[in-house]
Number of protein chains: 2
Amino acid sequence: MEKLSNIIFYNIDYSIRLYRMFAQKKLRENGFKITIDQWLVIKCILENPTITQHELSELVFKDNASVTRIIDLLIKAGYLEKETNPEDRRKQMLHVTETGEAIIKNVHEVVLQNRSKALNGINQEELEIADTVLRKIIANCK
Amino acid sequence: MEKLSNIIFYNIDYSIRLYRMFAQKKLRENGFKITIDQWLVIKCILENPTITQHELSELVFKDNASVTRIIDLLIKAGYLEKETNPEDRRKQMLHVTETGEAIIKNVHEVVLQNRSKALNGINQEELEIADTVLRKIIANCK
DNA sequence: TTGTAATAATTGATATATCAATTAAATTTT
DNA sequence: AAAATTTAATTGATATATCAATTATTACAA
């Protein structure tokens, strides 16, 4: 146990890092000029069109500051537009452009392939147990 | 399966991120002025006194560039010293100072507590399965 | 209603991640 | 031995992470 409790965090860290590099590489290979994080942010906005940046940061587990900067880049890239909410001028209304919608749609297939490749040889039962363990860690660290 | 294969990466990412924040907070609370990554680097050098920066980067899953910069900071902080290897002037010899050794020793207890708290309520069997799953993901993404 | 507190987003500072390019030194090839 | 290749480390550029501080706005409370 002592040994494994040491190694488990090492492997959690390693696996997600490798998966991200793997996924990012596949995106690049398919000609998509977008990072995994940027893709996730656009996806969340599409699925929650009235979301605020603060809510968004909770949804994607990122700091407010990170979200502000990712959004800046997405606007620069033409995937997103921003407008002050007239109902509450502290808030911003985020709007995914057509280009933004298109890239999400096109990237989706690659994301599914990535997940499937990364989970190759893992059965449903083990996956469920792994998920349970991760959820417990999350609860313990909150 | 479709749903879980979506969520599993989300939870891997979330769990390691929360654990790192949790661990970092504990270090701060105990008055240690060091980041998790810096701690890991010093620890690896102590355990492998003749290691090169390149080997180190593989050991801690970091880019050469990141390692160079982390080492710069550790030297600035007085935890590490660096000297060109006369046998091969491309290489650097890394030496942990007494201050560096001391902080590793003192931090160790906190790290053990962190791991133990984060794994609370998880039994040996589930942990082993989770580890197996992570290893498979790692192998698949390599 | 005016002052205070809370909320949303931004900005600054510093650390790390990633890729590409560069420098310096050692090794291999011709 | 000179040229080409490889290796080790650094540096530059850009993206993200984290914490702290700030600004603008709204909500609340005395």
Side-chain angles (χ1 to χ4, degrees), chain A residues 13-14 16-29 33-42 45 50-77 79-80 82-94, chain B residues 13-14 16-29 33-42 45 50-77 79-80 82-94:
Chain A
D13 191 40
Y14 193 17
I16 195 64
R17 199 170 300 194
L18 270 186
Y19 175 70
R20 290 175 75 89
M21 288 174 67
F22 173 75
Q24 190 66 61
K25 194 179 158 212
K26 292 291 177 192
L27 287 190
R28 221 178 19 246
E29 282 173 5
K33 282 188 180 139
I34 192 169
T35 69
I36 307 284
D37 293 296
Q38 293 172 359
W39 174 78
L40 185 61
V41 165
I42 301 180
I45 296 170
T50 64
I51 200 169
T52 66
Q53 291 182 202
H54 179 66
E55 290 161 350
L56 192 53
S57 71
E58 289 178 344
L59 206 56
V60 299
F61 313 135
K62 287 178 194 301
D63 197 85
N64 278 335
S66 300
V67 168
T68 293
R69 282 154 190 155
I70 289 173
I71 284 174
D72 283 350
L73 289 173
L74 288 173
I75 291 170
K76 242 184 235 164
Y79 297 144
L80 218 62
K82 196 168 71 170
E83 204 184 337
T84 303
N85 187 334
E87 316 267 299
D88 183 341
R89 299 181 43 74
R90 291 171 301 182
K91 297 182 182 174
Q92 298 288 331
M93 297 187 305
L94 302 169
Chain B
D13 191 40
Y14 193 17
I16 196 64
R17 199 171 299 193
L18 269 186
Y19 175 69
R20 291 175 75 89
M21 288 175 68
F22 173 75
Q24 190 66 60
K25 192 178 160 214
K26 293 291 177 191
L27 287 188
R28 221 176 21 244
E29 281 172 6
K33 282 187 182 141
I34 192 168
T35 70
I36 307 282
D37 293 298
Q38 292 171 0
W39 174 80
L40 185 60
V41 165
I42 301 181
I45 297 171
T50 64
I51 201 169
T52 66
Q53 290 180 205
H54 178 67
E55 289 161 351
L56 192 53
S57 71
E58 289 180 342
L59 207 55
V60 299
F61 313 134
K62 286 178 194 303
D63 196 84
N64 278 335
S66 301
V67 168
T68 292
R69 280 153 190 154
I70 290 174
I71 284 174
D72 283 350
L73 290 171
L74 288 173
I75 290 171
K76 243 185 233 164
Y79 296 143
L80 217 61
K82 194 168 73 170
E83 203 184 338
T84 303
N85 187 333
E87 317 266 301
D88 183 340
R89 297 179 47 72
R90 291 171 304 182
K91 297 182 182 174
Q92 298 288 330
M93 296 186 306
L94 302 169

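None of the values given here were measured: they were computed from a predicted structure. As a basis for the values below, the full set of heavy atoms in this structure was taken, side chains included, without hydrogen atoms, waters or symmetry mates.
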For the pair made of [atom1] in [X] and [atom2] in [N], what is the distance, rounded to whole Å?
X	N	atom1	atom2	value
E83(A)	dA8(C)	CD	P	19 Å
D37(B)	dT18(D)	CG	C1'	12 Å
I75(A)	dA9(C)	CD1	C1'	12 Å
I16(B)	dT16(D)	CD1	C1'	17 Å
I34(A)	dT14(D)	CD1	C1'	16 Å
L40(B)	dA15(C)	CG	P	17 Å
R89(B)	dT27(C)	CZ	C1'	17 Å
M21(A)	dA17(C)	CE	P	11 Å

* Just checking R20(B): base, sugar-phosphate only, or nothing, at a heavy-atom cut-off of under 4.0 Å? ->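 Nothing, no heavy atom under 4.0 Å.
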* Asked: In chain order, what residues pass the side-chain contact (heavy atoms from CB on, under 4.5 Å) check against L80(A), with sequence neighbours excluded?
  ->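 Counting only residues at least two positions away or on another chain, L80(A) forms a side-chain contact (heavy atoms from CB on, under 4.5 Å) with I45(A), I71(A), L74(A), I75(A), V96(A).
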* Which residues satisfy the side-chain contact (heavy atoms from CB on, under 4.5 Å) test with L59(B), sequence neighbours excluded? ->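 Partners of L59(B) by the side-chain contact (heavy atoms from CB on, under 4.5 Å) criterion, ordered by chain and then number, come out as C44(B), N48(B), I51(B).
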* Taking the side chain from E55(A) and the backbone from T52(A), do they hold a donor-acceptor pair closer than 3.5 Å? ->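 Side chain of E55(A) to backbone of T52(A), a donor-acceptor pair under 3.5 Å: yes, one is there.
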* Would you mind telling me which residue lines up with the more 5' stretch of DNA chain C, R28(A) or I70(B), judged by nearest nucleotide? =>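 Closer to the 5' end of DNA chain C: I70(B).
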* State whether Q38(A) places a side-chain N or O below 4.0 Å from either non-bridging phosphate oxygen (OP1 or OP2) of dT16(D). =>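 For Q38(A), the contact criterion (side-chain N or O under 4.0 Å from OP1 or OP2 of dT16(D)) is met.
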* Asked: Which residue, R17(B) or N85(A), contacts DNA chain D at a nucleotide closer to its 5' end, judged by nearest heavy atom?
  ->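 It is R17(B), whose closest nucleotide lies nearer the 5' terminus.
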* How would you list, by chain and number, every residue that makes a side chain to side chain donor-acceptor pair (under 3.5 Å) with S57(A), sequence neighbours excluded? ->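 Residues passing side chain to side chain donor-acceptor pair (under 3.5 Å) with S57(A): N64(A).
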* Output all residues satisfying side chain to side chain donor-acceptor pair (under 3.5 Å) with D13(B), sequence neighbours left out; order by chain, then residue number. =>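 D13(B): side chain to side chain donor-acceptor pair (under 3.5 Å) contacts with R17(B).
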* To do: List for me each residue that meets salt bridge (Lys or Arg N to Asp or Glu O under 4.0 Å) alongside R90(A), sequence neighbours excluded, and say none if there are none.
  =>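 Once residues adjacent in sequence are excluded, the partners of R90(A) under the salt bridge (Lys or Arg N to Asp or Glu O under 4.0 Å) criterion are D88(A).
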* **Exceeds 12 heavy-atom contacts within 6.0 angstrom, atom NZ of K82(A)** =>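 It does: K82(A) NZ has more than 12 such atoms within range.
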Hey, what are the protein-to-nucleotides 8-11 of chain D N/O distances that come in under 3.5 Å?
from	atom 1	to	atom 2	distance (Å)
dA9(D)	OP1	Q53(B)	N	3.4
dA9(D)	OP1	Q92(B)	N	3.2
dA9(D)	OP2	Q53(B)	N	3.0
dA9(D)	OP2	H54(B)	N	2.8
dT10(D)	OP1	K82(B)	NZ	2.4
dT10(D)	OP2	Q53(B)	OE1	3.3
dT10(D)	OP2	Q53(B)	NE2	2.5
dT10(D)	OP2	T68(B)	OG1	3.0

